[in-house]
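Following: one structure in structure tokens, then a few remarks.
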Amino acid sequence: MLRYEVKSHRSLDRMSDEELLLELLELRGVQSPQDLLAIDRGQGKCLYDAMSFDNMKDGLELLKGHLDAGNAIHLLMDVDVDGCTSSAIMYLWLKHYYPEIKVTFDCNEGKKHGTTRDIMERIPEDAMLFITPDSSSSDTEEHIELWEKGIDILVLDHHEFDKEVRTPAVIINCMDGNYPNTSLTGATVVYKFLSEYESNFKLPKESGYISKLLPLAALGTIADLADVRELETRYLCLEGLKNFADGNLFLQAVMEEQEYSMKGIANFVTVGWYVAPLMNAIFREGTLEDRYDLFKAICNFEEERIYTPQRKTKDNPNKEPVVESLQKNVIRRAKSIKSHQDNEVKKEVKELTKMIETECPLESNPVIILDVTDKVGIGHSGLIANKLASTYMRPVLLINGMGGSARNYSKFPIDDLNTWITSSGLVEGHGHSNAFGLNFVEEPDIEQLKEWTKEQLDGKDTSPVWHVDFEFNIAKLKEKHILKVGQFAGNFGGKNMDEPLFAVTGIVLETADVQRLGQSGTMMKFTSVNGDQKIDFVRPFTSQDKYKEFVCEDTKASRGINTDGGTGNKKIEATIIGRFKINEFMGKQFPQIEIVEFDTKPVTGRSRRRGF
């Protein structure tokens with residue numbers, strides 16, 4: 001049974017375009033929808049005073065002292081997209097204004113973050129300043145050890161830390177309790193810091209170069225899932241997306257490689273789906289050399305690589321070695337790594353699905369908890385937990401030794417899985433509210449944890465609840481409603497700014513009219529015609545099982561079910577939850593509803609036909 005709650009009961013016919021957009025923004029918790037809308041339209045801006053960061057003055061003077069002295073600088077790139085882009089902003093800025101200064105960089109292997117022992121041992125002997133964008137706010141012992149060796153430390157970060165702990169490092173962090181915007185990421189903290197530097201000090205070249213690095217700040221922010229309802233964060237992202245690939249060889253190559261999917265458009269959705277995942281694949285499964293090369297590629301290193309194809313092509317039937325740019329080489333490797341990762345995850349999901357049937361049956365376990373020790377690849381736990389949570393529509397905890405990964409299902413009736421599961425006293429969550437790592441407080445006891453979740457949810461309805469913006473009966477839905485909403489596509493995307501969802505009820509159709517399109521037949525489509533109103537419903541990537549579910553194929557025809565036409569054809573009634581889209585073809589716009597979820601049932605002789 002499809003459950004959903006309707007957020008707004010206002011009539012779209014009685015709302016102007018402006019009122020509708022403001023309503024949708026308010027429904028997403030935007031505090032100042034008029035101000036956000038002004039930013040989206042390029043009519044407003046929001047930049048807080050960078051001097052309101054704790055230690056900003058000290059940080060600026062520290063960097064200036066080392067730059068004036070010509071001292072060598074060492075960067076620590078954190079191992080995710082935000083870490084990569086924040087360090088790249090710093091590197092490119094330093095080499096633009098001070099090309100003669102030696103700037104080196106390093107990063108951790110595996111999933112390690114911050115100033116680890118390996119990182120400390122690899123810091124060049126001549127380095128006098130150690131800069132850690134996007135990490136290390138809490139690495140106090142390491143700061144002290146480096147400072148005692150004569151190395152200054154500048155931290156530019158956004159992770160929570162204890163500001164009362166004394167450290168020789170200069171820490172500039174938006175979580176300091178003073179800066180008004182806590183939704184910045186490492187990349188935007190670095191951007192703010194260097195912008196302030198350009199405003200305060202005379203530079204060897206004309207100032208303003210930092211603005212050319214905003215695309216990297218936007219990429220890091222979107223990839224790190226920052227809250228883009230916050231006005232300053234949103235403003236910086238939108239400014240960076242305007243000329244996304246200008247001046248950066250790597251971003252240009254990515255846009256070219258992903259042209260089919262991105263169509264030359266960089267926004268919250270396309271960057272989040274088609275740029276960030278390629279980079280994330282390298283951080284999840286790539287080697288240390290892959291990470292170094294990714295950083296060099298995004299820092300505009302002009303190097304060549306020789307690639308020997310594994311397969312024959314029309315243009316290269318003999319598989320001759322190919323010389324390609326570092327940027328194209330890194331993208332090719334990233335795609336290969338991601339493809340391998342996807343295949344491995346698919347296999348592991350299949351195995352864990354079998355485990356769920358035997359070790360964690362759905363009928364008695366509202367939360368899936370599995371021991372996956374030695375059963376999933378390094379870096380796969382979070383991806384697999386996400387897929388299982390989406391498939392089974394409930395939270396998933398994958399335990400690996402003393403720790404593990406946890407993911408909530410967005411429609412499950414627990415708002416903060418981290419706080420909820422930590423309250424058991426059995427485990428501690430570390431990370432975001434609904435996507436985090438966890439550790440057992442004492443010796444792992446999975447069965448005890450399972451029993452606790454069952455007790456907490458006993459007697460509660462845990463079936464998923466969708467939250468839709470508006471509800472329509474198909475008889476009252478007009479093409480103009482879809483076009484009215486579809487025009488706002490660019491205003492949505494990113495964390496807490498999900499695209500609008502709508503419930504459409506009373507759709508009666510014949511199963512023979514449900515098409516399966518595309519080479520693999522995974523595109524499901526049907527058209528609703530009501531007078532002069534013609535609306536297409538589409539569902540990409542529809543498996544055979546989902547198609548059968550939609551057309552009620554496993555429902556046996558019996559007396560009372562309306563049938564006509566060919567064998568097996570019958571009338572069904574559908575309730576659809578979907579997104580209102582505009583499909584552009586040959587210069588014309590057509591209303592379209594992208595199906596996200598559905599509920600269907602056969603129309604019996606006793607049912608009243610609705611919607612037509």
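Keep in mind it's a predicted model, so treat the numbers as computed, not measured. Side chains included, hydrogens not; waters and symmetry mates left out as well; all remaining heavy atoms used. Counting begins at 1 with the first residue of the sequence.
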Determine whether more than 12 heavy atoms belonging to other residues, nucleotides or ligands lie under 6.0 Å from atom [atom1] of [X].
X: Trp147; atom1: CH2; result: no
X: His432; atom1: NE2; result: no
X: Glu26; atom1: CD; result: yes
X: Lys111; atom1: NZ; result: no
X: Gln252; atom1: CD; result: yes
X: Lys212; atom1: NZ; result: no
X: Glu256; atom1: CD; result: no
X: Glu100; atom1: CD; result: yes

Min side-chain heavy-atom separation [X]-[Y] under 4.5 Å:
X: Phe268; Y: Met497; result: no
X: Thr115; Y: Met120; result: yes
X: Phe53; Y: Leu184; result: yes
X: Phe283; Y: Cys84; result: yes
X: Phe412; Y: Leu417; result: no
X: Leu60; Y: Tyr197; result: yes
X: Ser183; Y: Glu232; result: no
X: Leu219; Y: Leu251; result: yes

>> Going by side-chain hydrogen bond (donor to acceptor under 3.5 Å, both in side chains), Asp78 matches just one of His113, His159, Lys112. Which one?
In response: His113
Backbone of [Y] reached by a side-chain donor or acceptor of [X] within 3.5 Å:
X: Asp134; Y: Gly83; result: yes
X: Asp82; Y: Ala223; result: no
X: Glu303; Y: Ala297; result: no
X: Ser325; Y: Lys328; result: yes
X: Asp224; Y: Val81; result: no
X: Gln258; Y: Tyr274; result: yes
X: Glu19; Y: Ser16; result: yes
X: Glu121; Y: Asp118; result: no
X: Thr270; Y: Asn267; result: yes
X: Asn200; Y: Glu196; result: yes

Shortest non-hydrogen contact from [X] to [Y]?
X: Arg407; Y: Ala435; answer: CD-CB, 3.6 Å
X: Leu398; Y: Val396; answer: CD2-CG1, 3.7 Å
X: Ala217; Y: Ile89; answer: N-CD1, 3.7 Å
X: Tyr97; Y: Pro204; answer: O-CG, 3.3 Å

>> Would Lys263 and Tyr260 count as a cation-pi pair here, with the cationic atom under 6.0 angstrom from the ring centre and within 45° of the axis?
In response: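 Yes, Lys263 lies over the aromatic ring of Tyr260.
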>> Any carboxylate oxygen within less than 4.0 angstrom of a Lys/Arg side-chain nitrogen, looking at Asp469 and Arg579?
In response: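 So Asp469 does not pair with Arg579 through a salt bridge.
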> Are Glu239 and Lys242 ion-paired here, with the side-chain N under 4.0 Å from a carboxylate O?
Replying inline: yes
If you measure from [atom1] on [X] to [atom2] on [Y], what distance do you get to the nearest 0.5 Å?
X: Ile131; Y: Ile153; atom1: CD1; atom2: CD1; value: 11.5 Å
X: Tyr98; Y: Ile73; atom1: OH; atom2: CD1; value: 9.5 Å
X: Asn386; Y: Ser381; atom1: CG; atom2: OG; value: 11.5 Å
X: Ile210; Y: Leu213; atom1: CD1; atom2: CG; value: 4.5 Å
X: Leu326; Y: Asp293; atom1: CG; atom2: CG; value: 5.5 Å
X: Met279; Y: Ile337; atom1: CE; atom2: CD1; value: 12.5 Å

> Passes side chain to side chain contact (heavy atoms under 4.5 Å, CB included), Lys338 versus Asp342? Steps please.
Replying inline: CA-CA 6 Å; Lys338 188 175 186 306; Asp342 291 345; 3.2 Å; yes
> When the ring planes of Tyr292 and Phe105 are compared, do they come out parallel, tilted or perpendicular, using 30° and 60° as the limits?
Replying inline: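 If you compare the ring of Tyr292 with that of Phe105, the planes turn out perpendicular.
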>> Please verify the inter-ring angle class for Phe295 with Tyr91; under 30° counts as parallel, over 60° as perpendicular, anything in between as tilted.
In response: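 Judged by the thresholds at 30° and 60°, the geometry between Phe295 and Tyr91 is perpendicular.
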When you check the side-chain N and O atoms of [X] and [Y], is any donor under 3.5 Å from an acceptor?
X: Ser136; Y: Glu142; answer: no
X: Thr221; Y: Thr185; answer: yes
X: Asn329; Y: Glu324; answer: yes
X: Ser410; Y: Asn434; answer: no

> So Leu75 and Met77, side chain to side chain contact (heavy atoms under 4.5 Å, CB included) or not? Walk me through it.
Replying inline: CA-CA 6 Å; Leu75 300 178; Met77 176 183 73; over 6 Å; no
By ring pair (Phe, Tyr, Trp, His ring centres under 6.0 Å), which residues pair with [X], not counting sequence neighbours?
X: His96; answer: Tyr209
X: Tyr48; answer: none
X: Tyr409; answer: none

> Does the pair Phe130 and Ile119 meet the rule for a side chain to side chain contact (heavy atoms under 4.5 Å, CB included), with working shown?
Replying inline: CA-CA 11 Å; Phe130 181 52; Ile119 289 296; 4.0 Å; yes
